[in-house]
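Predicted, not measured: the structure shown is a model, and the values here were computed from it.
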Amino acid sequence: ILEPYIRDETVKLVDLECGHNVRVRNIQPGVYKSIIKELQGEVKWLAIIDIDEFLLPMTEKDLPTTLRKHFDKASLIYVNWRNFGTSQKRLSHNDTRMIPNLTSCSLKSHPRNAIGKSIVRVDHVDLNKKPTPHFPILLRDKIVKYGDGKLFGGDGKPFNQISDLRSDGQHHDKYLRINHYFTRDEGFWRDVKIPRILNRGEKMDIYDIMYNAFIQCKDTKIIDFLRKYHPHFLKTLNRENK
């Protein structure tokens, strides 16, 4: 899948030897730190996201326009998740297109949606501090130099620290959010995710409450976005799903 993008230098692939039975969350901080260090002075922004997370501009046609118009003064943008469930669908093994199929999601007010991931200016990151899978630590002099409030939410408003956003009970997605397909489809949830989670209560909480919201809540904003700005891509998704 990546090969043509690697050839035209859109993608740079870095293979890492992690060993067997190593929890991903245990190696993520070190990986992020090495990547950020390598990219300092080379790129302006870095989005630290996983392959089941899709950055969604809410008002503009693409991410660069969104960053330029609404986050030009930011050092770090903490982008809230909108967590999606399986929609009670089991996709075929050849169908990896989650976007047009999985529309059931958790309510915006669910605490899980106060969590998110970061887009950061790599030159503003403190490499002496260990990052988390959700956000790196900024250089204090960069925050002071560029003024207070250099941390921004997806609504374009500044805040003082990550915990401020995670505890205010709001979903800050006016300009930017992440569609998070944590469970993916029924097959992935039951065959891959469930075996990883040992606590039965946690399994039920994730599946029934956090992500599917009892199939009462649906969101198609990412489909609307593609239909408006990238109709060819949406047609490709629909064609491959038939």
Side-chain angles (χ1 to χ4, degrees), residues 1-5 11 13 18 20-25 27-28 47-58 63 79-117 133-134 154 171 173 176-242:
I1 293 172
L2 290 176
E3 186 176 354
Y5 302 103
V11 167
L13 178 64
C18 303
H20 297 291
N21 301 319
V22 177
R23 290 178 64 84
V24 172
R25 67 182 62 181
I27 65 170
Q28 279 177 299
I48 304 175
I49 57 176
D50 296 339
I51 61 172
D52 60 359
E53 297 169 337
F54 293 75
L55 281 163
L56 176 60
M58 303 297 284
L63 184 58
V79 188
N80 284 144
W81 283 337
R82 187 71 189 275
N83 284 289
F84 285 74
T86 67
S87 292
Q88 294 187 327
K89 292 183 178 180
R90 182 180 286 271
L91 307 179
S92 70
H93 290 297
N94 294 326
D95 185 358
T96 58
R97 307 295 181 171
M98 294 180 285
I99 289 174
N101 284 289
L102 308 182
T103 58
S104 294
C105 58
S106 56
L107 299 171
K108 277 189 176 182
S109 58
H110 194 281
R112 190 80 173 185
N113 289 323
I115 302 172
K117 291 293 185 69
H134 295 271
H171 189 73
D173 68 345
L176 194 60
R177 84 176 189 203
I178 291 175
N179 278 23
H180 187 203
Y181 300 92
F182 175 80
T183 61
R184 305 194 198 182
D185 72 319
E186 285 286 321
F188 187 86
W189 165 245
R190 297 183 185 282
D191 299 338
V192 179
K193 282 292 187 179
I194 285 182
R196 294 179 184 171
I197 304 172
L198 299 178
N199 185 289
R200 183 179 183 277
E202 184 183 0
K203 294 175 187 177
M204 298 307 296
D205 185 41
I206 291 173
Y207 182 65
D208 289 327
I209 301 175
M210 291 182 183
Y211 301 109
N212 275 339
F214 300 105
I215 317 300
Q216 294 176 355
C217 184
K218 293 187 181 296
D219 187 291
T220 61
K221 290 189 182 299
I222 196 168
I223 300 174
D224 299 336
F225 168 79
L226 292 172
R227 184 177 292 116
K228 181 176 181 179
Y229 294 113
H230 309 280
H232 175 72
F233 182 66
L234 185 60
K235 288 180 181 177
T236 300
L237 288 181
N238 289 329
R239 184 167 60 250
E240 293 188 9
N241 280 327
K242 292 181 180 178

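Taking both residues in full, the closest heavy atoms of F233 and L226 are given as CD2-CD2, 3.6 Å, listed atom of the first, atom of the second, then distance. Shown here for S87 and S104, the closest heavy-atom pair between the two residues is OG-N, 3.0 Å.
Here R227 pairs with D224 in a salt bridge; the nearest charged N to carboxylate O distance falls below 4.0 Å. D219 and K108 are not joined by a salt bridge, as no carboxylate oxygen comes within less than 4.0 angstrom of a charged side-chain nitrogen.
A donor-acceptor pair under 3.5 Å is formed between the side chain of S106 and the backbone N or O of N83. Remark: the backbone N or O of N80 is not paired with any side-chain donor or acceptor of N113 at under 3.5 angstrom. Panel note: side chain T103, backbone K218; no donor-acceptor pair is recorded below 3.5 Å.
In this structure, R184 CZ and I51 CD1 are separated by 4.5 Å, a value rounded to the nearest 0.5 Å. Residue F84 holds its CZ atom at 11.0 Å from CZ of F54, rounded to the nearest 0.5 Å. Atom CG of L102 sits about 10.0 Å away from atom CD of E186, to the nearest 0.5 Å. Note: I178 CD1 to I222 CD1 = 11.0 Å, rounded to the nearest 0.5 Å. I99 CD1 to Y181 OH: the interatomic distance, rounded to the nearest 0.5 Å, is 5.5 Å. For the atom pair Q28 CD and H134 NE2, the distance stands at 8.0 Å (nearest 0.5 Å).
For D52, the salt bridge (charged side-chain N to carboxylate O under 4.0 Å, His left out) test picks out no residue, with sequence neighbours left out.
At a threshold of 4.5 Å between non-hydrogen side-chain atoms, the residues F225 and M58 do not count as touching. Between L55 and K117 there is no side-chain heavy-atom pair separated by less than 4.5 Å. Considering only heavy atoms from C-beta on, L56 comes within 4.5 Å of K221 through its side chain.
Separation of the W81 and H110 ring centroids does not fall under the 6.0 Å cut-off.
Ring-plane geometry between H180 and F182 is classed as perpendicular, the angle between the planes exceeding 60 degrees on a 0 to 90 degree scale with a lower cut at 30.
Other residues, nucleotides and ligands contribute over 12 non-hydrogen atoms within 6.0 Å of the OH atom of Y229.
Donor-acceptor pairing under 3.5 Å is recorded for the side chains of N179 and R177.
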Yes or no on side-chain contact (heavy atoms from CB on, under 4.5 Å) for W189 and I194, after CA distance, side-chain angles and deciding distance?
CA-CA 6 Å; W189 165 245; I194 285 182; 3.5 Å; yes
For D185 and R90, what are the C-alpha separation, side-chain angles and deciding distance, and is it a side-chain contact (heavy atoms from CB on, under 4.5 Å)?
CA-CA 5 Å; D185 72 319; R90 182 180 286 271; 4.2 Å; yes
